[in-house]
Amino acid sequence: VSFDLEWLLTFRASELEKAIAATSLSYEGATLLRRNALAVLYNQGKKESFDLIVRFRAQTGSAKLREFADLLLSERKQ
């Protein structure tokens, strides 16, 4: 299964869970996959990557992922 990071972060969580259900990705679950995607974007250091982190942070329903996005965005400012 091939996923791009933007799709992973913008697809509805329920649809993401369905898409990965029959794959080894389901072991980790959507939240951990998204957290890892945020870390990859942060490490890319590109403006587009940070823009996607900001967009994701604004739309996610996960407090844990919002907190992680906040951490990454605050690290960028330092």
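This chain uses plain numbering: 1 for the first residue, then up along the sequence.
With sequence neighbours excluded, no residue satisfies salt bridge (Lys or Arg N to Asp or Glu O under 4.0 Å) with Glu48. Applying the side-chain hydrogen bond (donor to acceptor under 3.5 Å, both in side chains) criterion to Glu6, with sequence neighbours excluded, gives Arg55.
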Audit row: Leu41, Leu72, side-chain contact (heavy atoms from CB on, under 4.5 Å) steps and yes/no: CA-CA 10 Å; Leu41 289 168; Leu72 296 176; over 6 Å; no
Arg34 and Leu16: CA distance, side-chain angles, deciding distance, side-chain contact (heavy atoms from CB on, under 4.5 Å) verdict: CA-CA 10 Å; Arg34 286 179 165 171; Leu16 175 58; 3.6 Å; yes
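In this structure, Lys18 pairs ionically with Glu15, as a charged nitrogen and a carboxylate oxygen lie closer than 4.0 Å.
Checking side-chain atoms of Arg57 against main-chain N and O of Asp70 turns up no donor-acceptor pair under 3.5 Å.
In this structure, CZ on Phe68 lies 7.5 Å from CG on Asn36, to the nearest 0.5 angstrom. Between Glu17 atom CD and Leu33 atom CG the span is 8.5 Å, to the nearest 0.5 Å.
Pairs engaging residues 33-54 under the ring pair (Phe, Tyr, Trp, His ring centres under 6.0 Å) rule: Tyr42-Phe50 [sequence neighbours left out].
Of all the heavy atoms in Ala21 and Ser26, the pair that sits closest is O-OG, 3.4 Å. For the residue pair Ala30 and Ile20, the shortest heavy atom distance occurs at N-CD1, 4.3 Å. Closest non-hydrogen pair, Ala69 versus Ile53, comes out as CB-CG2, 4.0 Å. In terms of heavy atoms, Thr10 sits closest to Leu52 at CG2-CD1, 4.3 Å.
With hydrophobic clusters built from ILVMFWY side chains whose heavy atoms lie under 4.5 angstrom apart, Leu32 does not share a cluster with Trp7.
Between Leu5 and Gln44 the shortest side-chain heavy-atom distance falls below 4.5 Å.
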